[in-house]
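In the text below, chain A, chain B and the rest are named by the order of the sequence lines, each starting its count at 1. Note that the structure is predicted; figures quoted are calculated from it, not measured.
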2 protein chains.
Amino acid sequence: MEQTDAIAALSALAHPGRLGAFRLLVKAGAAGLPAGEIARLTDSRANTLSTNLTILTHAGLVSSRREGRSIIYVADYDSMRDLLAFLMEDCCSGEPAICAPAALLTEQAAACGAKTSC
Amino acid sequence: MEQTDAIAALSALAHPGRLGAFRLLVKAGAAGLPAGEIARLTDSRANTLSTNLTILTHAGLVSSRREGRSIIYVADYDSMRDLLAFLMEDCCSGEPAICAPAALLTEQAAACGAKTSC
DNA sequence: TCCCTATTTCCAGAAATCTGGAAATAAGGA
DNA sequence: TCCTTATTTCCAGATTTCTGGAAATAGGGA
């Protein structure tokens, strides 16, 4: 991932409405959510939300498909993973003893232990 | 971690100069780097960099200590880990099959395999 | 065709951020 | 004390982002 792409993704997420919408979509999984439902759940106006979903889309964090009159938005897990990987990329080369991914890995392993593929 | 803190950290990182400085500090490890050295390596003016380091500090991503005439900046690995954990927090509850942390975990394990504590 | 719902696009005023010049502060050395 | 280096603080102009009103587009149903 390029620094430019990382900055686009980080600025897209650095906004209350967009971060809220994105996390909602992360929870929603592959089924996604229609724009109107996101607007209702995040308590935002249709036009403002639409602008924000466009920003998330351009940053590669979500994608969308039309279904009848609704447009369904879905989180893009791959680009989210790329962003996280970019942020921790050089962590190990410095001080392995305080390596963030290692600690994170342990926490996640514990948290996801009961789930099927985590 | 609160949404407010996450947004402060994300906006702090969503800037070329600050992201560059932060990644430099992540690489530098616990020894950190003096402000002047960061300015030289990121090719930025002293006053601009100072402002940017203050923003990273307020976001909790770096801390500093004085050493003679220099001020040494150090990355805060704990808050970085908190931010990453916040972003992937609800990932597993949606669709375990496409859970980002799991994939990340695998990649990191492979990348860090040779290091002592990763 | 007409109507209704869902969503987006256009636009402009308001607010926030970014940058760099200039001056101020801090510390060490002669 | 005076000088030099390291860094920060203050400030204002330039630029960007944010928001919401109004209108436009898209699809389904009577």
Could you check whether any side-chain N or O of Ser11(B) sits under 3.5 Å from a backbone N or O of Ile7(B), counting only pairs where one atom can act as donor and the other as acceptor? yes
Nucleotide dA6(C), atom C1' - distance to CD of Glu37(A) in whole Å: 13 Å
Can you find a side chain N or O atom of Arg66(A) that sits less than 4.0 Å from OP1 or OP2 on dA26(D)? no
Any sub-3.5 Å donor-acceptor pair from Arg65(A)'s side-chain atoms to Val74(A)'s backbone N or O? no
Between Leu49(B) and Gly68(A), who's closer to the 5' end of DNA chain D by nearest nucleotide? Leu49(B)
Rounded to whole Å, the CZ-P distance (Arg45(A) to dC10(C)) equals 21 Å
Rounded to the nearest angstrom, tell me the gap between atom CD1 in Ile55(B) and atom P in dT19(C). 9 Å
Given dT8(C), dT9(D), dT19(D), identify the nucleotide with an atom nearest to the side chain of Thr54(B). dT9(D)
Between atom CD in Glu67(B) and atom C1' in dT7(D), what is the gap in whole Å? 15 Å
Closer to the 5' end of DNA chain C via nearest nucleotide, is it Ser50(A) or Ser11(B)? Ser50(A)
Considering just the side-chain nitrogens and oxygens of His15(B), establish if one lies under 4.0 Å of OP1 or OP2 belonging to dT16(D). no
Nucleotide dA12(D), atom P - distance to CG of Asn47(B) in whole Å: 16 Å
Would you mind classifying the nucleic acid contact of Arg40(A) as base, sugar-phosphate or nothing, using non-hydrogen atoms under 4.0 angstrom? nothing
To the nearest angstrom, how far is Leu53(B) atom CG from dT9(D) atom C1'? 14 Å
Please determine whether a side-chain nitrogen or oxygen atom of Tyr73(B) lies at a distance below 4.0 Å from atom OP1 or OP2 of dA6(D). no
Calculate the interatomic distance between Ile38(A) atom CD1 and dA6(C) atom P; express it in whole Å. 14 Å
Among dT19(C), dG21(D), dT8(C), which nucleotide sits nearest the side chain of Ala35(A)? dT8(C)
The side chain of Ser70(B) lies closest to which of these nucleotides: dA22(C), dT19(D), dT7(D)? dT7(D)
Out of curiosity, does Met80(A) fall in the hydrophobic cluster containing Ile72(A) (side-chain heavy atoms, cut-off under 4.5 Å, transitive links)? no
Applying the 4.5 Å side-chain criterion to the ILVMFWY set and letting contacts propagate, would Ile55(A) and Leu61(A) be lumped into a single cluster? no
Side-chain donor or acceptor of Ser70(B) paired with backbone N/O of Pro34(B) under 3.5 Å: no
According to a strict under-4.0 Å criterion, is Arg69(A) in side-chain N/O contact with OP1 or OP2 of dG29(D)? no
Proximity to the side chain of Arg18(B) - top-ranked nucleotide from dT7(C), dC18(C), dG21(C): dC18(C)
May I have the distance from His58(B) (atom NE2) to dT17(C) (atom P), rounded to whole angstrom? 13 Å
